[in-house]
Number of protein chains: 2
Amino acid sequence: MTGYAPAEAARRSGFSLDTLRYYEKIGLLADVSRTSGGQRIFTDDDLGWLVLFRCLRDTGMPIAQMCRYAQLAREGEHTADERRELLERHATQVEEQMRLLQRQYDHLREKIRFYEQQPASG
Amino acid sequence: MTGYAPAEAARRSGFSLDTLRYYEKIGLLADVSRTSGGQRIFTDDDLGWLVLFRCLRDTGMPIAQMCRYAQLAREGEHTADERRELLERHATQVEEQMRLLQRQYDHLREKIRFYEQQPASG
DNA sequence: GGTTGACCTGGAGCGCGCTCCAGGTTGGAG
DNA sequence: CTCCAACCTGGAGCGCGCTCCAGGTCAACC
């Protein structure tokens, strides 16, 4: 159970210091331990959560939904099914997102190809 | 050169009426023609632009950059190279975006798989 | 010619996800 | 013991991309 200073946690998670504080403030990241003086110490467990949050944010999950997930996890093992379903639904949405992105990327590439052939039009 | 009423243009482009007006207000969509009474009539050409904007937005291009592209197009054919480069750079960013999305999707799927095997942990 | 629904304008407001600030405290290095 | 960079708090502010509103106009249909 190594402890990380805020700057180190920020570096490792890719979130800014302000964002880490914000996540704690809104209850997404709970019970971050402190020194006697009140400064935060992030554990490997906290880092694990941050990695998950990074994954979910990068795939477009709204913060409110991540809060719900984190809340369920805090409630204990009996919420495991609900958590799995939440992730499953999200994964399905991500698949749709990927298909759309691919489709629009293809359009974009076609547009560029068009430019390369005949240098005209908008 | 068929004309479309605002509601029809909205339906075909997938943008809301307010968004169409907003795009015109900020100069993204220029010179939308009007009836004598001042109501908008969208042409096929306008629709073509909207389809492009939809593509660029869906792939995450900021509005400011789309404005720049549209401005260049209005300036004439001598900006064709610059426009092509703008799209090319964007396409490269989209590729990176797709790679990240795929990677995080894989993580997500692995997390779900973990839930299905042993129903424990956050 | 009256009705009604679609449309107009300028400008305010919103939801999200941070980001920044002031003013103060902590704690490790020298 | 002193210094100073890193940290703390509560709360305001921001950038983006719309979205909504009030109060009025237009135009197609009966």
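Just so we're on the same page: letters track the sequence lines, and every chain starts at 1.
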### Query
Is the backbone of V32(A) close enough, under 3.5 Å, to the side chain of R40(A) for a donor and an acceptor to pair up by distance?
no
### Query
Could you state the CG-P distance from L20(A) to dC18(C), rounded to the nearest angstrom?
11 Å
### Query
How many Å lie between CD1 on I26(A) and P on dG11(D), as a whole number?
17 Å
### Spacing of Y23(B) atom OH relative to dC16(D) atom P, expressed in whole Å
14 Å
### Task
Considering only NZ, NE, NH1 and NH2 on the basic side and carboxylate oxygens on the acidic side, decide whether D106(B) and R103(B) come within less than 4.0 Å.
no
### Short side-chain donor-acceptor distance under 3.5 Å, R74(B) and Q71(B)
yes
### Gap between atoms CG and P, on L29(B) and dC18(D) respectively (whole Å)
13 Å
### Task
First locate atom CG of L50(B), then atom OH of Y23(B), and finally report the distance between them rounded to the nearest 0.5 Å.
8.5 Å
### Message
For a quick check under 3.5 Å, do Y115(A) and D81(B) share a side-chain donor-acceptor pair by atom type?
### Response
no
### Query
Given atom CD of Q65(B) and atom C1' of dG15(D), what is their separation to the nearest angstrom?
16 Å
### Summary
Comparing F15(A) with E24(B), nearest DNA chain C nucleotide closer to 5' gives the residue E24(B)
### Task
Check whether any side-chain N or O of S16(B) sits under 4.0 Å from OP1 or OP2 of dC18(D), and answer yes or no.
no
### Query
So, R109(B) and E88(A), do they make that salt bridge, N to O below 4.0 Å?
yes
## Note on the structure
Rounded to whole Å, OH of Y22(B) lies from P of dG15(D) at a distance of 13 Å
### Task
Taking only the side-chain nitrogens and oxygens of R40(B), find out if one of them lies under 4.0 Å from OP1 or OP2 of dC7(C).
no
### Query
If you find the nucleotide of DNA chain D closest to I63(B) and the one closest to A7(A), which residue's nucleotide is nearer the 5' end?
A7(A)
## Note on the structure
Each nucleotide of nucleotides 20-30 of chain C classed B (base within 4.0 Å of a protein heavy atom), S (only sugar-phosphate) or -, in 5' to 3' order, makes B-----SS---
### Value in whole Å for how far the P atom of dC7(D) lies from CD of E8(A)
10 Å
### Message
Can you tell me which nucleotide in dC8(C), dC7(D), dG17(D) comes closest to the side chain of P6(B)?
### Response
dC8(C)
### Message
So, OP1 or OP2 of dC7(D): does either fall under 4.0 Å of a side-chain N or O from R34(A)?
### Response
no
### Query
Atom CZ of R11(B) and atom P of dC7(C): how far apart are they, to the nearest Å?
13 Å
#### Entry: T79(A) side chain to E82(A) backbone, donor-acceptor under 3.5 Å
no
